[in-house]
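Report on the structure given below.
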2 protein chains.
Amino acid sequence: MEKINFAPGKTIFKKGDKADGLYIVGNGKVGIFFPTNHELIEPDITLGATEIFGEMGVIDTAPRMATAKALEETTVVYCSEKDFEEKLAGSDVVIRGVMAILSDRLRELQKRR
Amino acid sequence: MEKINFAPGKTIFKKGDKADGLYIVGNGKVGIFFPTNHELIEPDITLGATEIFGEMGVIDTAPRMATAKALEETTVVYCSEKDFEEKLAGSDVVIRGVMAILSDRLRELQKRR
């Protein structure tokens with residue numbers, strides 16, 4: 001896990017980028033811009049402290065589907081796929097099993113779109 | 001968590017039952033019968049040792065959508081919603097966060113059907 005700072009307006013990741021981890025908002029605000037949002041001015045979703053984004057990056061190998069930008073001076077914590085796998089390996093077997101089932105199901109649903 | 005034995009052919013839960021926990025197959029085999037399977041003879045899915053079923057029971061309040069039956073002498077481990085919540089409360093904050101996001105998303109998708 002790694003802390004990263006972004007200045008206002010900076011892109012954290014953009015649609016089509018390789019996805020290999022998730023982010024947790026520390027301080028500041030992050031805007032998520034859906035693929036249909038071409039202007040990238042008004043975010044579709046705004047996230048604040050403790051909120052997670054980019055989580056498909058730890059359960060899927062597909063590229064980023066949306067764009068994430070810092071809306072103000074922002075600190076995020078990056079949790080790589082490897083970090084996540086390690087946390088999961090240390091979790092209860094039932095938690096691991098349910099996570100695997102939910103991930104599979106969402107991957108399936110994603111593919112069908 | 002609680003071990004429960006089922007004789008061959010016995011119903012573990014049926015479509016429409018209140019759902020308040022998940023099951024893990026210990027010994028034996030469990031058949032899952034989809035709502036469209038009215039004869040309840042040939043299962044749509046067959047599960048064996050360590051496989052989880054009825055997991056929507058811990059992330060949703062909707063009734064069972066399928067029927068589960070023991071196909072042979074079978075032992076399952078029942079994990080109530082409360083047991084699951086306790087396991088989750090003892091998990092890493094990132095695991096908890098991702099589980100909550102995936103659960104929300106599947107609930108949303110379930111509702112839209």
Side-chain angles (χ1 to χ4, degrees), chain A residues 1-3 19-26 30 32 34 45 47-60 65-66 68 76-113, chain B residues 1-3 19-26 30 32 34 45 47-60 65-66 68 76-113:
Chain A
M1 307 250 285
E2 174 192 3
K3 269 193 191 185
D20 50 10
L22 61 78
Y23 296 83
I24 306 142
V25 184
V30 172
I32 305 294
F34 293 164
I45 303 176
L47 302 173
T50 79
E51 292 191 281
I52 290 173
F53 62 102
E55 68 288 341
M56 288 307 284
V58 299
I59 66 170
D60 203 348
M65 292 177 59
V76 297
V77 177
Y78 174 69
C79 172
S80 71
E81 206 177 336
K82 191 168 163 285
D83 293 336
F84 186 77
E85 291 304 330
E86 280 171 17
K87 286 176 188 299
L88 208 50
S91 300
D92 182 277
V93 62
V94 177
I95 300 290
R96 281 209 307 275
V98 171
M99 188 75 87
I101 293 175
L102 303 190
S103 300
D104 285 351
R105 207 162 298 162
L106 280 171
R107 265 194 299 263
E108 265 315 301
L109 290 165
Q110 209 90 296
K111 261 194 265 171
R112 272 188 241 164
R113 279 186 197 172
Chain B
M1 308 249 283
E2 173 192 3
K3 270 195 191 182
D20 49 10
L22 61 78
Y23 295 83
I24 306 143
V25 184
V30 172
I32 305 294
F34 293 164
I45 304 176
L47 303 173
T50 78
E51 292 192 281
I52 290 173
F53 62 100
E55 68 287 342
M56 288 306 286
V58 299
I59 66 169
D60 202 348
M65 292 176 59
V76 298
V77 177
Y78 175 68
C79 172
S80 70
E81 206 176 336
K82 189 166 165 287
D83 292 336
F84 186 77
E85 291 303 330
E86 281 172 17
K87 285 175 187 299
L88 208 50
S91 301
D92 182 276
V93 63
V94 177
I95 300 290
R96 279 209 308 274
V98 172
M99 188 74 89
I101 293 175
L102 302 190
S103 300
D104 284 353
R105 207 162 299 160
L106 279 171
R107 264 194 299 263
E108 264 316 302
L109 290 165
Q110 208 91 295
K111 259 195 265 169
R112 272 189 241 163
R113 280 187 197 169

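Below, read A as the first sequence line, B as the second, and so on, with proteins coming before strands; counting in each chain starts at 1.
Top candidate by heavy-atom pairs under 4.5 Å with chain A, chosen from B:Val93, B:Leu102, B:Ile59, B:Thr50, is B:Leu102.
Only the side chain of A:Ile101 comes within contact range of chain B, with at least one heavy atom under 4.5 Å from a heavy atom of that chain. Both the backbone and the side chain of A:Ser103 have a heavy atom closer than 4.5 Å to some heavy atom of chain B.
Scanning all heavy atoms of the two residues, the minimum distance from A:Ile52 to B:Val98 falls at CD1-N, 3.9 Å.
Within residues 77-84 of chain A, the residues having any heavy atom less than 4.5 Å from a heavy atom of chain B are, in residue-number order, A:Cys79, A:Phe84.
Looking at heavy atoms from C-beta onward, B:Arg105 lies out of side-chain contact with A:Leu109 at the 4.5 angstrom threshold.
If you take CE on B:Met99 and CD1 on A:Ile95, they are separated by 4.5 Å, rounding to the nearest 0.5 Å.
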